[in-house]
Amino acid sequence: SPAAGPAGKSSGIVYLRSGQLMIMTADRTKAQSAGLGWQFSGCAWSPDGDSIVYTSTSLLSNRLGIYSVSSGSSKLLEWEKGSKASHLVWPSGSNHFFVVADLKVSGRMFSSIMRGSSNESPSEVVTVPGSIEALAVSPDGQVVYFISNKIIYSFDRKTGAQAIVADKAGDALAISPDGKWLLTNPVGIAVCPTDGGKLKQIVSAPGIQEVSWSARDQIAAVTTFGGRAEVWTFRVDDSILK
């Protein structure tokens with residue numbers, strides 16, 4: 001899952017390869033190691049383009065850290081022992097990133113959405129029973145959206161209200177740059193307003209595994225079918241969404 005730097009802030013791209021964090025800039029491509037026995041498992045850019053938040057895993061544990069592109073230094077953040085880190089997101093207009101912590105207690109699975117920053121260890125936003133399959137956050141970081149049991153939920157950090165946005169979702173989630181639309185992949189690609197409504201199918205295609213929405217209103221989809229992986233990009237007109 002390549003992660004492009006913020007529009008107008010960074011021309012870099014980061015991606016994971018063989019457990020390493022690969023950082024591409026105009027000058028070079030640098031490989032960052034997670035340490036002996038560790039592998040990187042996720043990454044996201046800060047809005048200013050100078051930091052990359054990452055998750056890494058070992059055989060029995062998880063880590064969360066921040067890498068500074070300008071200095072080349074990395075520091076670890078506090079992380080609850082025994083919990084798995086997944087679904088890392090850093091909204092374009094927020095100083096905080098969001099990550100899901102999965103933890104099994106007395107045989108039951110719980111998922112906590114956590115919020116942190118480059119100088120602030122993660123704290124709990126909301127905890128739900130079961131597992132979270134996908135996570136998206138409004139550009140300002142005020143509303144989090146997540147999929148659990150094929151249902152898209154929203155949680156407003158300001159009011160504490162949780163609501164159902166749509167059902168019959170897939171296992172991927174992406175939000176439009178203006179924060180008005182959500183994409184998911186039930187069978188192909190479907191869209192719905194962030195304030196709730198039925199999903200509308202806009203692309204019918206098998207094997208779509210991931211979706212993203214660029215700052216220039218283009219959608220990218222990763223699809224795997226018949227042993228072949230492809231990346232598709234296309235522009236979506238407002239009339240199609242509505």
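In this structure, OG in Ser154 is found 7.5 Å from CD in Gln162, a value given to the nearest 0.5 Å. For the atom pair OG1 (Thr224) and CD (Gln209), the distance works out to 3.5 Å, reported to the nearest 0.5 Å. The line from SG of Cys43 to CG of Leu16 is 4.5 Å long, rounded to the nearest 0.5 Å. Atom OG1 of Thr127 is separated from atom CE of Met114 by 7.5 Å, given to the nearest 0.5 angstrom. For the atom pair CD1 of Ile189 and CD1 of Ile208, the computed distance is 4.0 Å after rounding to the nearest 0.5 Å. Considering OG of Ser56 and CD of Gln39, their distance stands at 10.0 Å, rounded to 0.5 Å.
Residues Leu199 and Tyr153 do not share a hydrophobic cluster, clusters being chains of Ile/Leu/Val/Met/Phe/Trp/Tyr side chains in contact below 4.5 Å. Residues Val128 and Val100 share a hydrophobic cluster, clusters being chains of Ile/Leu/Val/Met/Phe/Trp/Tyr side chains in contact below 4.5 Å. Linking Ile, Leu, Val, Met, Phe, Trp and Tyr whenever their side-chain heavy atoms come within less than 4.5 Å leaves Leu183 and Ile152 in two separate clusters. In the hydrophobic clustering of this structure, Val144 groups with Ile164; members are Ile, Leu, Val, Met, Phe, Trp, Tyr whose side-chain heavy atoms approach within less than 4.5 Å, directly or through other members. One hydrophobic cluster, built from ILVMFWY side chains closer than 4.5 Å, cannot hold both Trp38 and Leu64; they sit in different ones.
The backbone N or O of Gly141 lies less than 3.5 Å from no partner atom in the side chain of His96, so there is not a single donor-acceptor pair. Side-chain N or O atoms of Gln201 include none that pairs as donor or acceptor with a backbone N or O of Pro186 at under 3.5 Å. Of the possible polar contacts, one joining the Ser83 side chain to the Glu80 backbone as a donor-acceptor pair under 3.5 Å is found. Between the side chain of Lys81 and the backbone N or O of Ser61, no donor-acceptor pair lies under 3.5 Å. Remark: the backbone N or O of Asn149 is paired with a side-chain donor or acceptor of Glu133 at under 3.5 angstrom.
Checking Ser112 against Glu124 by side-chain atom types alone, no donor-acceptor pair falls below 3.5 Å.
The nearest pair of heavy atoms linking Tyr54 to Ser74 is OH-OG, 2.7 Å. Heavy-atom minimum distance, Ala44 versus Leu88: N-CD2, 4.1 Å. The shortest non-hydrogen separation linking Val211 to Ala174 is O-CB, 3.7 Å. In this structure, Glu78 and Pro122 approach most closely via the heavy-atom pair O-CD, 3.4 Å. Closest heavy-atom contact between Ile113 and Phe146: CD1-CD2, 3.7 Å. Listed here is the closest heavy atom pair of Ile132 and His87: O-NE2, 3.0 Å.
Of the candidates Ile23, Val14, Asp50, Tyr67 forms a side-chain contact (heavy atoms from CB on, under 4.5 Å) with just one, namely Ile23. The residue from Thr57, Thr55, Asn62 that alone fulfils the side-chain hydrogen bond (donor to acceptor under 3.5 Å, both in side chains) condition with Ser41 is Thr55.
Residues Pro47 and Ser92 fail the side-chain proximity criterion, which asks for heavy atoms closer than 4.5 Å. Put simply, the side chain of Trp181 reaches to within 4.5 Å of the side chain of Pro193, judged on heavy atoms. The closest side-chain heavy-atom distance from Val99 to Trp79 is below 4.5 Å.
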Pair Phe97-Ile66, side chain to side chain contact (heavy atoms under 4.5 Å, CB included): steps then yes or no: CA-CA 11 Å; Phe97 63 81; Ile66 293 278; 4.1 Å; yes
What do the steps show when you test Ser86 against Asp102 for side chain to side chain contact (heavy atoms under 4.5 Å, CB included), and what is the final call? CA-CA 8 Å; Ser86 62; Asp102 298 313; 3.3 Å; yes
What do the steps show when you test Thr184 against Tyr145 for side chain to side chain contact (heavy atoms under 4.5 Å, CB included), and what is the final call? CA-CA 11 Å; Thr184 185; Tyr145 302 90; over 6 Å; no
Evaluation steps, side chain to side chain contact (heavy atoms under 4.5 Å, CB included), between Lys150 and Asp171: CA-CA 7 Å; Lys150 305 303 179 184; Asp171 56 7; 4.0 Å; yes
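By the 6.0 Å contact criterion, CG on Asp178 is enclosed, its count of non-hydrogen atoms from other residues, nucleotides or ligands being greater than 12. The 12-atom threshold is not exceeded at CG of Asn95, counting heavy atoms of other residues, nucleotides or ligands nearer than 6.0 Å. With a 6.0 Å radius and a threshold of 12 heavy atoms from other residues, nucleotides or ligands, Lys168 has its NZ atom at or below the threshold.
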